[in-house]
Every structure is written in structure tokens, then in C-alpha cells.
Amino acid sequence: MSDEDILLRRAAGRDPAAFASLVRRHQSPLRGFLLRLTRGDHALADDLAQEAFIEAYRKLAQYDGRGSFAGWLYAIAWSRFRMAARKRRPEALGDDDVPDMRASAAGGSEARLDLEKAMAKLAPMERASLTLCFALGLSHDEAAAALKLPLGTLKSHVTRGREKLKTLLAAWERNA
Amino acid sequence: MMNDNQLDQLLNAPLAAVADSGFSARVVVRARTVRRKENVPFFAAALVCVAAMLIFVPLLRVTTVIAHFLTGMAASPAISLAIGALVLTFTAERALAQR
């Protein structure tokens, strides 16, 4: 039994210290994921991350341990993001209103900043698919489960997202 | 122009680390509040059960038995002496402590 399994079991038994350890362990990737989904909106990303952790705390007993805990957490965060998107319509922002993505690319190169800017122009589902499969290292199966998509659909989103990124980055490179 | 390998390398780079800055502590505090709220229906149900049970308890008979028992205790010289000794010991101890 891994260290994380022990923490999960204790947290499911309502041990606050174990839950605190899980939050500390997963807060950075989860907030990074949401920061990318919200296109650099720190306040919204943090609100959603907090709601996702609280929902996870409530439903910990339902986590069956079949997939990774991180994948399960991203699934909750994704569903929270979609609910918020329906209410707030963050995607209604125009292309010129892409928020400052420097925070998402913190400590990174120009290429990294360009990637974040290009990411911000993708559809949320493409952004989520690419982030889960690449930056967060989930398998296609895990990412499909987290986004509640059939495997083939997820792969289409990944392929389409990559192509769009390539086109956007190439266009910017030509203009530079 | 960026090739596939370069793009994959960029995409595979881990997300920038987000500093905790009290985030975890805030989540844990909120989780505690949630837990307390979750317990409210349980305590309310327990209270309702106790109240419902009290309806069926013959309170008058119970109080009569308790009163009878207490009167019996008060009338007992041994218990009166023991309580007197306890009171005196307590008073003496406090007086000594204040000196």
C-alpha cells in the first residue's frame, strides 16, 4: 500500500491531518490545471480548486481507487469548471481579451509564454485534453475518464488541439 | 518553424508550480466547517429521539424515586459526616493555599 493510499484511507475516515497532506500534495498541479482552463484567472482558478477539494473531501468514501487519485480530482475540477463556465461564460472573452498568461508560464521561456497564449485560444475541451495528457502525464484512458469522454473523442481533441497550436505558433513565429 | 518534437517537448513540460500561500490551510478550514455542518442533522436527529423517548418516561415516578433516595442520603449520619469532612478539607486547603 502506497503512502498516498494510506493518506486516502485516513482522510476517508475523516482525519483532517491526512486530508491536509493530500491538499498540500495536489494543490499545485490542480491549480495549474485550472489556471490553464480559466486562461490565467487566478481568483477563479483558486475558487474552483477549493470547491473541487471540498467536493473530493465529501465524496472520498466513493473513490474506488481504480484510477489515480489525481485523475479523480481532475475530473471533479473539470466538472466544477464546466459548471462555472455555464454561469460566468469566461469563454465569452474575445480573442483580444486573452488574459495575462505570464502567471501560467511562470519561470518559463518565451516559447512557454507563447504556448500559454496559444493554449488560451483553444476550446476548453482541447485545452483540458492536452494538459491532462501532456503536462499532467495522464494516460489517454485516464484523461478520457476524467473528462467523461469516449477514448476516440479524447484522441480527436488532442490531435485537433495540437494542430491548432502548431498553426498558431507558426503564424506568430512568421510575424515575429 | 516549430516541429512536432519541439511542440511535444513544450507540451510535456510540467505546469509552472503554484505556491501554496495559505491555500491548503484555507481548504482545510473550509473542510472542517463542512464537516461540522454535516454533523448538524445527526445531532438534531439524536435530540429528537431523546425528546421522543422522554414522552414515554414516567417522569413523576422517576423524580419521586430520586427525591426519596436523596432524602435517605441526607438522613444518613455517615454520609452527612463524610460530606462535612469533605467541605472542611476543601475549605482548609484553600485557606492554606491563600496564606
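Please read these numbers as outputs of a predicted model, since none were measured by experiment. Quick note on labels: first sequence line is chain A, next is B, and so on, each numbered from 1.
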Contact class of A:L30 relative to chain B, heavy atoms under 4.5 angstrom = neither
key: Contact class of B:A19 relative to chain A, heavy atoms under 4.5 angstrom   = backbone
query = Can you say whether B:V27 sits under 4.5 Å from chain A via the side chain, the backbone, both, or neither, judging by heavy atoms?
reply = both
ask   = Ignoring hydrogens and geometry, is there a side-chain-to-backbone donor-acceptor pair from B:R35 to A:R14 under 3.5 Å?
value = yes
key: Heavy-atom pair count under 4.5 Å with chain B, highest-scoring of A:Q50, A:R24, A:R31   = A:R31
ask   = Are any of the side-chain nitrogens in A:D5 or A:R10 under 4.0 Å away from the carboxylate oxygens of its partner?
value = no
message = Less than 4.5 Å to any heavy atom of chain A: does that hold for the side chain of B:L11, its backbone, both, or neither?
response = both
key: Pair A:H26 + A:F69: ring centers closer than 6.0 Å   = yes
request  = May I ask you to decide if B:V18's main-chain N or O and A:S28's side chain share a donor-acceptor pair within less than 3.5 Å?
outcome  = yes
message = Tell me if the CG atom of B:L70 is crowded by more than 12 foreign heavy atoms within 6.0 Å.
response = yes
query = So which of B:R26, B:R30, B:R32, B:E38 has the largest heavy-atom pair count under 4.5 angstrom toward chain A?
reply = B:R30
